[in-house]
Visitor: 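The structure under discussion is supplied below as structure tokens; questions concerning it will follow.
Chain letters run A, B, ... following the sequence lines, proteins first and then strands; every chain starts at 1. When reading the values below, keep in mind they use all heavy atoms of this one structure, side chains included, and skip hydrogens, waters and symmetry mates. Predicted model, so just to flag it, every value in this text is computed and none were measured.
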Amino acid sequence: MKLIQAGPRTAKVMLVGEAPTVVEEATGTPFSGGAGQMLSHMLSRAGISMSECFRTNVVHVRAPEGKFEKFYTKAHQLDLAKGLFRLKQDINEIQPNLVIGLGSGPLYLLTGRKGIDKYRGSILPCILRKGQKVICTYSHGFALKVYEAKAVIEMDFAKCAGDMQYPELNYPKREFFLNPPLDVRAAVVYEMLQAEKLSVDIECGQDSNGRWTLTCVGFSDRADRALVIPWGDEMCRFHIRQLCENDIPKICQNGMFDFSFLREMGINIRNFWWDTMFAHHALMAECASGEDEMTKLAGKKKLSVLRKGLGFLTSIYTREPFYKDEGKVSAEGVKDWNEFYGYNAKDAAVTYEIHEVEDKEFNDFGSRPAFEIEMGVAEPLMAASKRGILIDMDLRAELVKEYDEQIDRFQQALDLGAGRPINVKSNPDMLALLYDKLKLPMKLNRKTKNPTADKDAINELAGKYDHPLLKVILRIREYRDFKERYLNAVVGGDNRMRCSFDVTGTKSGRLSSRASLDGSGTNLHTIPVRKKAGARLRQMFIADPGKVLVVRDYKQAETWVVAYLARCRALIELLNDPTRDIHKETAVRIYNEALELITFEKRYLAKRTGHGSNYGLTGVRLSAMIEEDYETTGVRASVREAQMLIDKYFMIYPEIKENFWYQVERDIKHSRTLTTPLGRRRAFYGDMRDQRAQETLLRDAYSFIPQSTVGDLCNIAVRKVYHDIELGRPEWGAEFLLSVHDSIMMQCNIGCELEVAAAMEESMKYPLTIHGETFTIPSDCQIGFNWNKQSKNKETGEIVNPKGLVDSEHWNGASLLQV
DNA sequence: GCAACGAGCGCC
DNA sequence: AAAGGGCGCTCGTTGC
């Protein structure tokens, strides 16, 4: 067996990979291929020189079928045994300060632990040599496939760079008071009440009736100690209350959950000051799609490598080894209370420690303003989640009936036309119908290249072939979708629809919304408004008795940001002159025609073009978007025409590409980081090795600054309307209900709506400065008793939805009250 | 029988 | 020639 090893046998660090690759075998040098180059690069970024490390693999022959796990089978275990024997010898001879294991194979064979996701980044004892220190991370080959893994590996290497300086395997020392006797507890509580800040962490469990209840609360006033108090007798609760109901700044991981829960239990915890998950998100936005304890509970999100749960934060911000399995409670309940309290204590202490590290990281990375915006929305969002929005249950029942009838009617027509029952949401059914039976030309999904029956494809076919079934399919889909997603959503027992907000849910800093943790309610960010058949769904959302809704939206917000980023004088002028119609004027420029000659159609096309062009929309997509609304607008545009519109758009506003896009490209290539005018920074980890990947990443990047700026702007305003209007002017009875990216909805006492509308305008005004120019994005306001617009039937002149929203300038409260 | 995934689609 | 971005929810299919 030829040994594939390199490096000095006096090395302080030993790198252990899984098994040699083709290149390594050919060259006889470990880590010599493309992945090896990346490894060397990642190490050097952490200040570790690969040539100074002793480099080897666990096994010295290629993995069967490229799968390392095959070495665990009988057929190949001799190769593994030989390799392990050699590895043990090497470690005992070299006695490095630190062994770095790369991948799940080395993790298991060096430490006996399973689960690289859990144990990567942990400082662990080696099972091959007593007292030997090991840190494992993902295999460097993984970083080639999953690009974000590179960021994680580099963070793990940063930890290695510290621990490679000495051989001792030591852990952070922490003193825990786990449900101590009353006198000890009282003394610690007294001390903790003098603290500058306190971290708080709760544990909950289900009682015999399945109700969630508090088990214990952990507090920490220093990273090296914690106190756990069970939710036990009166005295316990008194102490918990004392530690919570004070003005000491509180630190928490995912505090919106813990704080709401404590308040449900009658503990009015105050001064939510630092959420370690929010801070992490402000430092590392890519974690937005990662798991945390709550989303894991909901079981919805996909796992990513960059995460935001306490386990991940512990692994990158502290030297505490993985411990999250210690808190697992079996079906029979807690077996060892001391272990369980210990887990709670560790959570509290680690949370405290993480906040200290994050605080320092902000000084380097500079995204503290984004963190402060995120903290600002916590209280208002908790209030809105708890409150929910009242639902008109009569209308809801009426809509269910109406939609059922529509679905029935159209479904019968479809089944008859197709000659057999067709499920419009079954892809095989649809593909068979469209492309086998009807023999229509096959449309392919642009990304996957698979045959598609989505609405763009069907609309396009309908435009060309006018087959009666095509529109029927879309109708059924629409009505079914509306019913399934919005009418089947569970309304609370008090007839209120709720959602839970996720402050760390997006990479841009926008909020995300989803059903409440108990499964009731739904995502309130996607209630239909644009779709004609869906308009009445918003009508179900109504003001409480005696109250009226006030909805204020930023106007053209992202366009404002793009205009200033691009330093586009023409757009800036148009936006700043409220007497001018930006879409009409854009049409004037596109068609080179006088303002008076601009028809509805031309204005409409200019509007749709402008909307998507800023971020790289193509003719294919624009054409499809316009086609989709053909029935209501009577306007269509071929792919060619749509592309012409986009090209024209960039000709009349060339600065969008020349300044804005170009600047983004430069920043990405230079630092892989973008910073918004509101101080949010995001690193872009994506693959840039080939043209396609690079362009994908750039498109993502173009949208980041405008989207993030507007999201943060709105979140700043959410905080203000809550504090200045809801809390600050109790006489108005104003309540914050919902925000949707660039819009804020409140309700207030009837008669106060114009004052609230004006106050909201003030709260939403926020000067932004881009390239030295300062501007304020304007907002407009609508008032009404339900969330759908009031409108007029063009033919009959009859008012549709008389209690609906009207522009605040046209609001006449007195007359509307007669309705 | 359950979980994961893809397709499709709502909003900004 | 061609690939807007950001989210969450539902259904149907598929794979274990």
Visitor: Touch check for A:Thr506, heavy atoms < 4.0 angstrom, all strands: base, sugar-phosphate only, or nothing?
Guide: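 Sugar-phosphate, backbone atoms only, no base.
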Visitor: Roughly how many Å is it from CZ in A:Arg608 to C1' in C:dG4, rounded to a whole number?
Guide: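 Distance, rounded to whole Å: 13 Å.
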Visitor: Do any side-chain nitrogens or oxygens of A:Lys425 fall under 4.0 Å of OP1 or OP2 in C:dT13?
Guide: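 For C:dT13, neither OP1 nor OP2 has a side-chain N or O of A:Lys425 closer than 4.0 Å.
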Visitor: Between C1' on C:dG5 and NE2 on A:His741, what's the gap in Å once rounded to a whole number?
Guide: 12 Å
Visitor: Indicate whether any N or O donor in one side chain lies under 3.5 Å from an N or O acceptor in the other, for A:Arg409 and A:Gln406.
Guide: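 A donor-acceptor contact under 3.5 Å links the two side chains.
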Visitor: If only side-chain N and O atoms count, and only distance matters, is there a donor-acceptor pair under 3.5 Å linking A:Arg608 with A:Tyr604?
Guide: yes
Visitor: Heavy atoms only, 4.0 Å cut-off, all strands: where does A:Asn450 land among base, sugar-phosphate and nothing?
Guide: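 The answer is sugar-phosphate, as A:Asn450 gets under 4.0 Å only of primed atoms, P, OP1 or OP2.
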Visitor: Distance check needed: C:dG4 C1' versus A:Leu617 CG, whole Å only.
Guide: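 It works out to 5 Å between those atoms.
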Visitor: Do any side-chain nitrogens or oxygens of A:Thr526 fall under 4.0 Å of OP1 or OP2 in B:dC9?
Guide: no
Visitor: Using only side-chain N and O atoms of A:Thr452, determine if any of them is under 4.0 Å from OP1 or OP2 of B:dG8.
Guide: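 Yes.
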Visitor: Answer yes or no: side-chain N or O of A:Gln707 and base N or O of C:dG6 forming a donor-acceptor pair under 3.5 Å.
Guide: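 Such a pair does not exist between side chain and base.
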Visitor: Examine A:Lys657 relative to A:Phe650 and say whether NZ or CZ is less than 6.0 Å from the centre of the six-membered ring and inside a 45° cone about the ring axis.
Guide: yes
Visitor: Counting only heavy atoms and a strict 4.0 angstrom limit, can you tell me which residues of residues 474-488 of chain A come near DNA chain B?
Guide: A:Arg477, A:Asp481, A:Phe482, A:Arg485, A:Tyr486
Visitor: Is it true that A:Asp700 and A:Arg682 have a side-chain N and a carboxylate O under 4.0 angstrom from each other?
Guide: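 Salt bridge flag = yes for A:Arg682 with A:Asp700.
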Visitor: With heavy-atom distances below 4.5 Å as the criterion, would you say the side chains of A:Arg681 and A:Leu674 are in contact?
Guide: no
Visitor: Grab the N/O contacts between the protein and nucleotides 14-16 of chain C below 3.5 Å, and write none if there aren't any.
Guide:
none

Visitor: State plainly whether the residues A:Arg536 and A:Glu402 are in salt-bridge range, i.e. N to O under 4.0 Å.
Guide: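 Yes, this pair counts.
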Visitor: For a quick test of reading the model: is some side-chain N or O of A:Asn427 closer than 4.0 Å to OP1 or OP2 of B:dG6?
Guide: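 Checking A:Asn427 against B:dG6: no side-chain N or O falls below 4.0 Å of OP1 or OP2.
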Visitor: Report the distance from atom CZ of A:Arg514 to atom P of B:dC12, rounded to the nearest whole Å.
Guide: 20 Å
Visitor: What I want to check is whether an N or O donor and acceptor connect the side chain of A:Arg621 with the base of C:dG4 at under 3.5 Å.
Guide: no
Visitor: Provide, to the nearest angstrom, the distance between the CG atom belonging to A:Asp700 and the P atom belonging to C:dG6.
Guide: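 Interatomic distance, CG of A:Asp700 to P of C:dG6: 4 Å.
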Visitor: Check for me whether A:Arg636 meets the cation-pi criterion with A:Tyr630, that is, NZ or CZ under 6.0 Å from the six-membered ring centre and within 45 degrees of the ring axis.
Guide: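 Satisfied, under 6.0 Å and within 45°.
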Visitor: A:Arg538 near the nucleic acid: base, sugar-phosphate alone, or nothing, with a heavy-atom cut-off under 4.0 Å?
Guide: sugar-phosphate
Visitor: For the side chain of A:Asn523, starting at C-beta, report the closest nucleotide among C:dC7, C:dT13, C:dG8.
Guide: C:dG8
Visitor: By the 4.0 Å heavy-atom rule, please label A:Ala701 as base, sugar-phosphate, or nothing.
Guide: nothing
Visitor: Using a cut-off of 4.0 Å on non-hydrogen atoms, how would the nucleic acid contact of A:Val529 be classed: base, sugar-phosphate, or nothing?
Guide: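 It contacts sugar-phosphate atoms only.
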Visitor: Do any N or O atoms from the side chain of A:Gln707 and from the backbone of A:Phe704 form a donor-acceptor pair under 3.5 angstrom?
Guide: no
Visitor: Name the closest nucleotide to the A:Arg699 side chain, picking from C:dC9, C:dG4, B:dG10.
Guide: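 So the side chain of A:Arg699 is nearest to C:dG4.
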Visitor: Looking at A:Lys531, I'd like to know whether one of its side-chain N or O atoms comes within less than 4.0 Å of OP1 or OP2 on B:dG10.
Guide: yes
Visitor: Contact class for A:Ser513 vs. all strands (heavy atom < 4.0 Å): base, sugar-phosphate, or nothing?
Guide: sugar-phosphate
Visitor: With respect to the phosphate group of C:dC11, does any side-chain polar atom (N or O) of A:Asn423 fall under 4.0 Å of OP1 or OP2?
Guide: no
Visitor: Just checking A:Ser613: base, sugar-phosphate only, or nothing, at a heavy-atom cut-off of under 4.0 Å?
Guide: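 If one applies the 4.0 Å heavy-atom cut-off, A:Ser613 turns out to touch nothing in the nucleic acid.
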Visitor: When you compare C:dA2 with B:dG10, how far apart are their C1' atoms, in angstrom units rounded to a whole number?
Guide: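 So the two C1' atoms sit 26 Å from each other.
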Visitor: Short question: side chain of A:Thr506, backbone of A:Arg510 - any donor-acceptor pair under 3.5 Å?
Guide: yes
Visitor: For a 4.5 angstrom cut-off between non-hydrogen side-chain atoms, does A:Leu524 reach A:Met497?
Guide: yes
Visitor: Does A:Thr618 make a side-chain N or O approach to OP1 or OP2 of C:dG4 shorter than 4.0 Å?
Guide: yes
Visitor: From CD1 of A:Ile527 over to P of C:dG8, roughly how many Å is that when rounded to an integer?
Guide: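 These atoms are roughly 15 Å apart.
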Visitor: If we take the C1' atom in both C:dA1 and B:dC9, what is their distance in whole Å?
Guide: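 To the nearest whole Å, 27 Å.
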Visitor: Would one find a side-chain N or O of A:Thr696 under 4.0 angstrom from OP1 or OP2 of C:dA3?
Guide: no
Visitor: Whole angstrom is fine here: how far is it from CZ in A:Arg640 over to C1' in C:dA1?
Guide: 14 Å
Visitor: Classify the side-chain pair A:Gln663/A:Asp667 by whether it contains a donor and acceptor separated by less than 3.5 Å.
Guide: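 Indeed, the side chains of A:Gln663 and A:Asp667 share at least one donor-acceptor pair under 3.5 Å.
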Visitor: Got A:Val503 and A:His281 here, is their nearest side-chain heavy-atom distance under 4.5 Å?
Guide: no
Visitor: Round to the nearest Å and state the distance from A:Tyr702 atom OH to C:dA3 atom C1'.
Guide: 12 Å
Visitor: Scan A:Ser703 against the nucleic acid and name what it touches under 4.0 Å (heavy atoms): base, sugar-phosphate only, or nothing.
Guide: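 Result for A:Ser703 = sugar-phosphate.
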